[in-house]
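I'd like to ask some things about the structure below.
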Amino acid sequence: MPRPGAALLLCLLLPSLPEPSAAESPLQLPTPQNVTIYSYNYQNLLTWAPVKVDNGSVLYTVQYNTLACNCWEEINCTNITKTECSFTDPDIKSFWTITLRVRAELGQVKSDWVETNKFVADQNTTIGPPVIVNVDSTSDSLFLNFLHTVKEDTLQYLVRYWENSTNKQHETKWTKNTRIGLLNLKQLTVYCFQIRAKVQVFDDNIGPLSETNCHKTAASGAMRAGFVVVIFVAATVTVVILAIVCFLFIQKFHQVVKYWFQPPFKIPPHIEEYLKDPEMPALEELQNDCAEEDPWDSLSVVSSAEGSQALVRDTLNTNVHSNSRSTESEKT
Ligand SMILES: *[C@@H]1O[C@H](CO)[C@@H](O)[C@H](O)[C@H]1NC(C)=O
Ligand SMILES: *[C@@H]1O[C@H](CO)[C@@H](O)[C@H](O)[C@H]1NC(C)=O
Ligand SMILES: *[C@@H]1O[C@H](CO)[C@@H](O)[C@H](O)[C@H]1NC(C)=O
Ligand SMILES: *[C@@H]1O[C@H](CO)[C@@H](O)[C@H](O)[C@H]1NC(C)=O
Ligand SMILES: *[C@@H]1O[C@H](CO)[C@@H](O)[C@H](O)[C@H]1NC(C)=O
Ligand SMILES: *[C@@H]1O[C@H](CO)[C@@H](O)[C@H](O)[C@H]1NC(C)=O
């Protein structure tokens with residue numbers, strides 16, 4: 001049999017050979033898979049998929065190294081059973097470039113180390129959006145007050161906003177203030193906004209936008225005043241209409257109303273007696289006057305210049321009359 005043929009046969013057979021189990025080959029514990037770093041607002045977590053073995057509990061160990069030291073140091077994740085390791089450690093500075101590695105261990109059997117990519121918290125962490133505390137609205141602006149859990153001097157914020165009905169977006173400038181004003185807005189209009197934060201250590205590390213929030217601007221003072229005026233005018237008009245209706249009603253049912261509100265006038269007996277004194281001027285006349293003429297029904301209208309001239313003339317005439325009368329009385 002030629003030897004190349006034997007080699008080929010071996011190659012074909014190999015895959016079908018039973019795979020060595022962890023227990024049987026002490027140096028071949030599989031490495032942890034899917035080793036991933038999650039970092040949000042500087043809370044750093046290393047995770048990996050559990051290494052499956054038939055029995056026994058696998059332990060894991062995590063180490064890190066920095067550019068400063070060509071060595072591996074332990075963090076608080078040695079011989080752990082969990083498949084994650086929080087490495088938010090004040091000893092690990094956020095601007096350091098670190099690499100982590102993890103391996104599995106079962107009794108004396110160890111897996112190879114699996115290394116992560118280089119990690120710089122300042123660059124790799126996801127800077128979450130700040131939390132909106134409240135929104136103050138005026139007629140032409142919205143003021144957003146917010147805070148951030150991260151205590152970092154270089155934190156800055158930006159707001160993207162738009163009128164809900166138009167979707168034409170605007171952005172504020174980056175600012176360190178935790179109060180941002182959206183200015184020159186329309187009154188009584190719904191505006192929506194998203195906010196994001198960034199840190200700047202080497203390069204900008206810009207975080208994702210927040211959820212959309214919507215707020216309505218207030219009514220302007222002028223509009224409120226206008227509203228008050230409208231109400232006032234409406235009230236006035238109502239009162240005037242009521243007055244006119246009353247007036248017309250009284251006009252129409254003049255006698256009835258008069259009767260209701262004012263029973264026929266009776267001269268008190270003692271006055272009547274006094275008036276009946278023959279020396280007094282005609283009582284009959286007086287009574288007739290009262291009955292026929294209602295002093296409230298008289299109406300005087302002065303409308304035009306001609307009218308007033310006429311009035312003046314009339315007045316003059318009356319004066320003349322009275323004068324002549326007075327002269328007459330002087331004569332008598
Ligand atoms: C690793 O992640 C991928 C995708 O998320 C998944 O399909 C796979 O099953 C994971 N591996 C393990 C060992 O959990
Ligand atoms: C597997 O389990 C058996 C019985 O529970 C035990 O005797 C044995 O030591 C275990 N093997 C390992 C590698 O843990
Ligand atoms: C390490 O972990 C142990 C147990 O989980 C805990 O009690 C201890 O405070 C941790 N030490 C540090 C420095 O995180
Ligand atoms: C971790 O476990 C190994 C063996 O399983 C042991 O030699 C070592 O001392 C343990 N380390 C710690 C910190 O417990
Ligand atoms: C950190 O960010 C750099 C640059 O974006 C990237 O190359 C690297 O893979 C990231 N590190 C981790 C652990 O994700
Ligand atoms: C924004 O507009 C959409 C559709 O244009 C509407 O469904 C939604 O209710 C509006 N949001 C607010 C807060 O008014």
Side-chain angles (χ1 to χ4, degrees), residues 19 21-22 28-54 57-58 60 62-67 72 75 77 81-89 92-106 111-128 132 134-137 139 142 144 152 154 159-170 182 185-195 198-219:
E19 281 184 27
S21 78
Q28 287 305 308
L29 194 65
T31 54
Q33 298 296 300
N34 292 358
V35 177
T36 313
I37 293 175
Y38 293 102
S39 179
Y40 189 83
N41 287 341
Y42 292 96
Q43 301 297 304
N44 311 322
L45 189 71
L46 180 72
T47 69
W48 56 91
V51 173
K52 295 270 181 4
V53 292
D54 289 343
S57 85
V58 177
Y60 305 94
V62 178
Q63 297 178 339
Y64 76 94
N65 105 326
T66 65
L67 292 181
W72 291 94
I75 25 181
C77 299
T81 52
K82 285 193 297 183
T83 59
E84 61 177 44
C85 172
S86 164
F87 61 103
T88 308
D89 190 323
I92 302 175
K93 301 297 179 212
S94 62
F95 54 88
W96 285 0
T97 301
I98 64 167
T99 307
L100 294 127
R101 65 178 190 177
V102 58
R103 78 168 174 201
E105 200 172 330
L106 182 63
S111 76
D112 287 336
W113 290 99
V114 183
E115 288 189 16
T116 64
N117 289 336
K118 294 198 182 320
F119 176 83
V120 182
D122 281 331
Q123 284 171 14
N124 287 95
T125 196
T126 301
I127 303 293
I132 302 277
N134 63 22
V135 178
D136 303 327
S137 53
S139 62
L142 291 174
L144 322 184
E152 177 64 56
T154 64
V159 176
R160 172 179 294 179
Y161 63 100
W162 62 94
E163 202 184 311
N164 189 32
S165 51
T166 67
N167 290 333
K168 186 176 177 294
Q169 298 194 333
H170 310 271
L182 314 179
L185 307 182
K186 296 179 196 163
Q187 64 172 339
L188 290 173
T189 306
V190 174
Y191 285 85
C192 297
F193 56 83
Q194 293 174 300
I195 189 165
K198 72 166 182 181
V199 290
Q200 186 179 19
V201 179
F202 309 104
D203 300 316
D204 276 351
N205 176 2
I206 301 177
L209 287 162
S210 69
E211 305 247 294
T212 300
N213 250 293
C214 296
H215 251 85
K216 195 174 185 176
T217 49

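Quantities reported herein were computed from a predicted structural model and do not represent experimental measurements. Remember, it's 1-based here, ligands and their atoms both numbered in the order they're listed. Any value given below was found using the heavy atoms of this structure, including those in side chains, with hydrogens, waters and symmetry copies removed. Throughout, numbering of the chain's residues begins at 1 and tracks the sequence.
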Query - Ala49 neighbourhood, listing ligand 1 atoms whose heavy-atom distance to it stays under 4.0 Å - result: 12 (C), 13 (C), 14 (O)

Query - Short side-chain donor-acceptor distance under 3.5 Å, Ser94 and Asp122 - result: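 Their side chains do contain a donor-acceptor pair, which is all the 3.5 Å distance test asks for.
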
**Report entry** Distance-only donor-acceptor check, side chains Gln194 and Arg160, under 3.5 Å
**Finding:**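 Gln194 vs Arg160: no donor-acceptor pair found between side chains.
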
Query raised in the report: If you round to the nearest 0.5 Å, how far is CH2 of Trp48 from NZ of Lys82?
Result: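 That separation rounds to 9.0 Å.
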
Query raised in the report: Would you find more than 12 non-hydrogen atoms of other residues, nucleotides or ligands less than 6.0 Å from Tyr38 atom OH?
Result: no

Query raised in the report: Which protein non-hydrogen atom lies closest to atom 10 (C) of ligand 1, naming both residue and atom, and how far is it?
Result: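 Answer for atom 10 (C) of ligand 1: Asn34 ND2, 2.4 Å.
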
Query raised in the report: Does the side chain of Ile37 reach to within under 4.5 Å of the side chain of Asn124, using non-hydrogen atoms?
Result: no

**Report entry** Structural part of Gln123 in contact with ligand 5, heavy atom criterion under 4.0 angstrom
**Finding:**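 Near ligand 5, Gln123 shows nothing, with every heavy atom at 4.0 Å or more.
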
Query raised in the report: Hey, which atoms in ligand 6 end up nearer than 4.0 Å to a heavy atom of Cys214?
Result: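 Checking each atom against Cys214, I get 13 (C).
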
Query - Proximal atoms of ligand 6 relative to Val190 (non-hydrogen, under 4.0 Å) - result: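 So the atoms of ligand 6 that pass are 12 (C), 13 (C), 14 (O).
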
Query raised in the report: For atom 9 (O) of ligand 5, what is the nearest protein heavy atom, given as residue, atom name and distance?
Result: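 Of the protein heavy atoms, Asn117 ND2, 3.4 Å lies nearest.
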
Requested in this report: Answer yes or no for atom 4 (C) of ligand 5: protein heavy atom present at a distance under 4.0 Å?
Outcome: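 There is no protein heavy atom less than 4.0 Å from atom 4 (C) of ligand 5.
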
Requested in this report: Look up atom CG in Leu106 and atom OG in Ser57, then write down how far apart they are to the nearest 0.5 Å.
Outcome: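 Between atom CG of Leu106 and atom OG of Ser57 there are 7.5 Å.
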
Query raised in the report: In the protein, what heavy atom is nearest to atom 6 (C) of ligand 5, and what distance, to one decimal place, separates them?
Result: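 The closest one turns out to be Asn124 ND2, 4.1 Å.
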
Query - Atoms in ligand 5 flagged as close to Ile37, the criterion being non-hydrogen separation under 4.0 Å - result: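 This gives 13 (C) as the contact atoms.
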
Report task. Measure the shortest side-chain to side-chain distance between Cys85 and Ile75 over non-hydrogen atoms and say whether it is less than 4.5 angstrom. Result -> yes

Requested in this report: Scan the protein's non-hydrogen atoms and note whether one is under 4.0 Å from atom 14 (O) of ligand 6.
Outcome: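 Looking at atom 14 (O) of ligand 6, one finds that a protein heavy atom does lie closer than 4.0 Å.
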
Requested in this report: Just need the protein heavy atom nearest to atom 11 (N) of ligand 6, so name the residue and atom and give the distance.
Outcome: Asn164 ND2, 2.8 Å

Requested in this report: Give a yes or no on whether Lys216 atom NZ has more than 12 heavy-atom contacts from other residues, nucleotides or ligands under 6.0 Å away.
Outcome: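 No - once you tally the heavy atoms of other residues, nucleotides and ligands closer than 6.0 Å, there are 12 at most.
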
